[in-house]
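First the structure, in the form of structure tokens, and then the observations on it.
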There are 2 protein chains.
Amino acid sequence: MSSPHDAIEVITAKRDAGELSDSQIDWVIDAYTRGDVADEQMSALAMAILLNGMNRREIARWTGAMIASGERMDFSSLSRGTSDKHSTGGVGDKITLPLAPLVAACGIAVPQLSGRGLGHTGGTLDKLESIPGWRAALSNDEMMAQLESVGAVICAAGDGLAPADKKLYALRDVTGTVEAIPLIASSIMSKKIAEGTGALVLDVKVGTGAFMKSVERARELAETMVALGTDAGVRTVALLTDMSTPLGLTAGNAIEVAESVEVLAGGGPADVVELTVALAREMLLAAGVDDVDPAAKLADGSAMDAWRAMIAAQGGDPDAPLPTAREQHVVPAPASGTLHRLDAMAVGLAAWRLGAGRARKEDPVQAGAGVVWHARPGDRVVEGQPLFTLLTDEPERFDRALASLEGGYDVGDGPAPVSPLVIDRIG
Amino acid sequence: MSSPHDAIEVITAKRDAGELSDSQIDWVIDAYTRGDVADEQMSALAMAILLNGMNRREIARWTGAMIASGERMDFSSLSRGTSDKHSTGGVGDKITLPLAPLVAACGIAVPQLSGRGLGHTGGTLDKLESIPGWRAALSNDEMMAQLESVGAVICAAGDGLAPADKKLYALRDVTGTVEAIPLIASSIMSKKIAEGTGALVLDVKVGTGAFMKSVERARELAETMVALGTDAGVRTVALLTDMSTPLGLTAGNAIEVAESVEVLAGGGPADVVELTVALAREMLLAAGVDDVDPAAKLADGSAMDAWRAMIAAQGGDPDAPLPTAREQHVVPAPASGTLHRLDAMAVGLAAWRLGAGRARKEDPVQAGAGVVWHARPGDRVVEGQPLFTLLTDEPERFDRALASLEGGYDVGDGPAPVSPLVIDRIG
């Protein structure tokens, strides 16, 4: 064997808190992708990275090696610039749905490669698949054609982008090594850089319902990702946004599509509108556009037109009725007063347990399942009036969903504490 | 599933520097043995244990869980007490060969379950297998009968003892997680406790040729193992012994058997005799025997009688000529003076590269291969006279063996620095 490195050498270097060389990183990612480094070796390395960290050079090289494991897309032949968004995942986070057509309506193409949900945060593709006829899988040619004609695509990432990341992500998921900032950052950024977007806005969620529970950790992740994007020539900015409270008034699949359509029609919950417009501004700015007001494009119906065209281009019927759940269960407000707190994790778990999400990758999701809450923190509630509506096709799911809501909200006197939706901007 | 735990919960608990509960440890070892916890999960846990440690309770429970994964032997029906020895492995460490029959000649039975070598330290079974006819595999019944009749057995550990350890050891070997004191201690002690010996002496090697390079780490390992043995009702003591210099004058297989026979005949290198007698005294003391002098049993030939009976009982011919290597290469002393330093790792690597050891478990070893050194630190050497003789069946191996000896010894003026062979006693 003329291999320049071996797995144990790389693992022990990081185990002993050393820096990995460029050559070690290139080798281990390539060898892992080819199967020459075994899963049990990579998981030991991932744990060592989680506990001993990687510096900026190591993370950049690691990301580059994952990009080099697969194909890169190229949007430079398009007649307009591209800008993409990535959210680290939250409860009720349907923002991609109104955002992609809104930015397209402002003249910038949005190539959104999305995923399916796992655990308590929903997946964008799962939501869109509740629209009759809509399909997530597009060829690269179909994607390019739709970006040119419609300006927005939300579709499944093909197997060709960063296959090393796909393999490593699945491994981290079962080995307790998900929570390593260098690995999270390189996983997200390898796919986004390989995708070929010219600009990128990161929505890094913070709070109980988010992957990052503290502002410090979220800021570290955001700074790491912005540095990676910038170093790779992608104009990258990050917003830290609150995920202690779920977004909007719905968490599920079809019910989130309906809420997104309300926003595109000029209505919808204020927080969803606020975040959609804020992210659209950042996506436009990052793509060099500072003379278009996205709020106006929501108001004049052009964002809705782009939505309809985008859904139709992928086989969906934007006018078809959305699926509904067969069963519902209403939870009344326990007292009159002000809703002081609504916990994102409690709501996310309830929606997941009702069938809106999946426990394993191969599980199906229910299109109609989810949770609707009838008040947001700061709103008045009246004892005995509906506070939550739980939706599912399988009524035996109500008990566990109700259990996860317990202790997940407070009704009190006086005004609710106010916390900003956009906490910080990095980049 | 009504499983009380899951792998990610156990991994993340240790990853986050928490203590594992008894129930978590029992579950994870059992589930790993059954294959319900995957290799990639156990290797992540092993790395977390290596980096975050385990306390005495956790290590004891971990050891107990590994013992519970298999069968336990019971020597209580024997007409005499039992005492065993374990060495953490060194270069030229043939001590088990004269030691087991010596202790048997002193009236205590020695049930030595040994292993084969991997890497630069030799394996006791590999050495004995150079004796024509000798076989390592015995049934439990054969082992009991031989312990009763001869008083000493050196044989391969069966698959029934601590199968969890067997599986975990193989995993650690390829995942950079060998060097964790809790895992080393529990691996050694689970087998020794399951083996059922009444007393145990640990020879913990320290120095360049040993697994433990520093006295501090060796002491920590020794104290951990003595505590584990004592807690399990095995009278356990440890000697810390020097492994900066290889033991005796030979490192290989047949050549170490020949050197052991010299010791049993009342001769042999002084350091091998010293350590054999010191360990025999400890094994006898731990078994409650304080009125027999092992040195006398070497001198009067009774240890040699026990050796011959032990070898013959396992099919070996103690009078048959030992295999010799087909090729030899002599390295002369580079100068006249005193041998100041002879590095154990350099000699061990040279012997390994000559074919005395194996790189992979399935490799064969050469019976005749190895290194003979003609002086020990403190001895006079004369320029141009033989300092090393390298032995192998494959002359193309000489170059790499010579390379590993380079820088591995110093000849100088004045006396050599003196360091004691037995550094400390614990227990």
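Naming convention: chains lettered A, B, ... in sequence-line order (proteins, then strands); numbering from 1 in each chain. Keep in mind that this is a model prediction, so the values were computed, not measured.
Contact between B:S43 and A:S43 at its shortest, heavy atoms only, is OG-OG, 2.6 Å.
Proximity of a side-chain donor or acceptor of A:R15 to a complementary backbone N or O of B:M47 within less than 3.5 Å is not detected.
Heavy atoms of B:D16 lying under 4.5 Å from chain A are absent altogether. For A:A7, no part lies under 4.5 angstrom from a heavy atom of chain B.
Ranked by heavy-atom pairs under 4.5 Å with chain A, the first of B:L171, B:T12, B:V37, B:L51 is B:L51. The choice from B:L45, B:T177, B:T175 that makes the most heavy-atom pairs within less than 4.5 Å of chain A is B:T175. Most heavy-atom pairs under 4.5 Å with chain B: of the set A:V174, A:V178, A:D6, this distinction falls to A:V174.
The number of heavy-atom neighbours closer than 6.0 Å to CG of B:N55, taken from other residues, nucleotides and ligands shown, is above 12. For B:R57, the CZ atom counts as densely surrounded, since its 6.0 Å shell holds more than 12 non-hydrogen atoms of other residues, nucleotides or ligands.
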